[in-house]
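To start, the structure itself, in structure tokens.
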Amino acid sequence: MKPAAISSLRPWVAAGLLIVLATAAPAFGSTPPAAGVSGVAPPVDIVILGRAVYVGLMLLTMGVAWFLLLIPVPAAITVFLRRLLAAGAVGGLLVGAFNVQQLNLLAAAGFGLLLAASWREHWALLLGGALALATSRAFIGHPASLEPAAVLMPLMILHVSCAAYWLGSLWPLHRVLGREAPVAAAAVVNRFSRLAVAAVGTLALVGVVTALIHLAWPIALLKTWYGQLLIMKFTWFTVLMSVAAWHKLKLSPRLDAGDVGAARHMRWGIRLEGAIMLLVVLLSALLASTPPAALPP
């Protein structure tokens with residue numbers, strides 16, 4: 001990285017390290033919420049919105065780390081991604097400071113590692129930070145408080161990692177499509193797509209298995225608030241899959257051929273995906289706070 005770019009990142013690193021020190025102590029003493037104890041459906045209030053913002057920033061930051069690890073991009077895009085990584089890590093720590101039950105010690109360490117990686121990129125920092133953030137989610141909510149925890153916790157780590165790769169790749173892809181020639185952008189998009197097929201398939205499989213564990217009977221999908229939220233989430237996931245299929249089957253071949261219009265249409269599709277994913281993140285925050293047996297409000 002150029003010296004000027006490194007200098008611009010140092011304030012982010014310094015601020016982030018101070019936040020890690022300030023938040024690590026209360027985070028270490030926090031306990032996960034007792035999901036499943038109450039049968040009351042939580043409202044969409046400031047607490048749920050705060051959790052959704054935190055989870056969104058965590059997924060974005062983790063996803064950018066996966067993108068840097070897995071997708072080769074031009075040097076100019078790499079500089080942009082490092083800045084995005086630093087901003088996401090600092091934002092996650094700031095929002096997490098107001099959600100100490102969400103920001104446990106693992107999450108603080110993960111944000112700190114990724115903040116360091118934004119200054120001095122190294123695969124070990126990126127991988128360690130991404131895995132620490134994903135693992136931190138396994139100790140919060142349903143995976144840690146419901147049985148079988150030995151199954152739910154690894155499933156959560158896998159689920160969060162795949163979701164982060166998808167969400168965190170949207171902004172980098174949007175940037176590549178806007179800055180690079182169609183043929184050069186196509187190489188990045190095709191690399192992302194090959195890995196995204198596996199990630200999305202895993203995401204869907206883990207979601208189905210988790211739903212089967214939490215809901216003993218199919219009728220619970222309709223009778224419980226948790227089941228109804230799952231239906232909403234799967235519905236929007238299907239819409240996301242449709243947009244992704246349009247990109248892969250219709251626009252990618254045109255992008256390979258150097259069609260500038262295809263790049264423009266794909267950028268609009270990515271914006272649509274991002275908007276839908278914000279809604280999915282909100283639904284996920286509600287799901288994580290809703291006991292599986294809770295009745296509809």
Side-chain angles (χ1 to χ4, degrees), residues 1-2 5-6 8-9 12-13 16-17 20 55-93 106-138 154-180 184-203 206 244 247-248 252 270 273-274 277 281:
M1 182 183 291
K2 295 180 181 180
I6 293 176
S8 68
L9 287 176
W12 288 104
V13 175
L17 291 176
V20 170
V55 172
L57 285 169
M58 182 204 70
L59 292 175
L60 173 66
T61 310
M62 194 193 325
V64 171
W66 285 123
F67 196 90
L68 282 167
L69 279 167
L70 300 172
I71 313 295
V73 292
I77 301 297
T78 300
V79 172
F80 163 75
L81 292 181
R82 288 185 182 184
R83 291 173 180 169
L84 184 58
L85 193 67
V90 171
L93 287 167
L106 264 176
F111 281 124
L113 287 171
L114 294 182
L115 193 58
S118 70
W119 176 39
R120 186 187 181 96
E121 184 184 344
H122 191 280
W123 69 267
L125 290 173
L126 290 169
L127 182 61
L131 291 178
L133 285 178
T135 305
S136 73
R137 300 304 299 169
L155 286 177
M156 175 57 74
I157 294 171
L158 197 57
H159 181 83
V160 168
S161 297
C162 292
Y165 174 70
W166 193 352
L167 175 60
S169 297
L170 294 181
W171 201 341
L173 289 173
H174 189 273
R175 183 85 170 189
V176 169
L177 288 164
R179 292 298 182 91
E180 301 296 320
V188 176
V189 171
N190 290 336
R191 170 71 173 171
F192 162 78
S193 296
R194 284 194 292 270
L195 298 174
V197 170
V200 171
T202 303
L203 195 62
V206 170
H247 286 173
K248 185 171 181 58
S252 288
I270 288 173
E273 283 186 80
M277 281 191 176
V281 168

Verdict with supporting geometry, Leu84 and Arg175, side-chain contact (heavy atoms from CB on, under 4.5 Å):
CA-CA 12 Å; Leu84 184 58; Arg175 183 85 170 189; over 6 Å; no
CG of Leu68 to CG of Leu126, rounded to nearest 0.5 Å, is 5.5 Å
Nearest non-hydrogen partners of Arg137 and Val55, listed with the distance:
NH2-CG2, 3.5 Å
Contacts under 3.5 angstrom, residues 106-114 side chains, donor-acceptor by atom type, not counting sequence neighbours:
none

side-chain contact (heavy atoms from CB on, under 4.5 Å), that's the test. Do Met277 and Leu59 meet it? Break it down for me.
CA-CA 11 Å; Met277 281 191 176; Leu59 292 175; over 6 Å; no
Where is the tightest heavy-atom contact between Glu180 and Ala185, given as atom of each residue plus distance?
CB-N, 4.2 Å
Residue set satisfying side chain to side chain contact (heavy atoms under 4.5 Å, CB included) with Arg191, at least two apart, ordered chain then number -> Ile71, Pro72, Arg194, Leu195
Would Val189 and His247 count as a side-chain contact (heavy atoms from CB on, under 4.5 Å) here? Give the steps.
CA-CA 10 Å; Val189 171; His247 286 173; over 6 Å; no
His122 side, atom NE2; Leu69 side, atom CG - distance, nearest 0.5 Å
11.0 Å
Looking at every non-hydrogen atom in both residues, tell me the closest pair between Arg82 and Ser118 and how far apart they are.
O-CB, 3.3 Å
Scan the side chains in residues 161-173 for donor-acceptor partners under 3.5 Å anywhere in the protein, sequence neighbours excluded, and list what turns up.
residue : atom : partner : partner atom : Å
Ser161  : OG   : Ile157  : O            : 2.8
Tyr165  : OH   : Phe192  : O            : 3.2
Trp166  : NE1  : Glu273  : OE1          : 3.0
Ser169  : OG   : Tyr165  : O            : 2.5

Rounded to the nearest 0.5 Å, what's the gap from CG on Leu203 to CG on Leu158? Could you check?
8.5 Å
Within this structure, what is the CD1-CZ distance for the pair Ile77 and Phe67, rounded to the nearest 0.5 Å?
8.5 Å
Rounded to the nearest 0.5 Å, what's the gap from CG on Leu57 to CG on Leu133? Could you check?
11.0 Å
Only pairs under 3.5 Å count here: list side-chain donor-acceptor contacts from residues 86-93, not counting sequence neighbours, and write none if there are none.
none

I'd like to check the side chain to side chain contact (heavy atoms under 4.5 Å, CB included) partners of Leu155; sequence neighbours left out, ordered by chain and number.
Val151, Val206, Val209, Thr210, Ile213
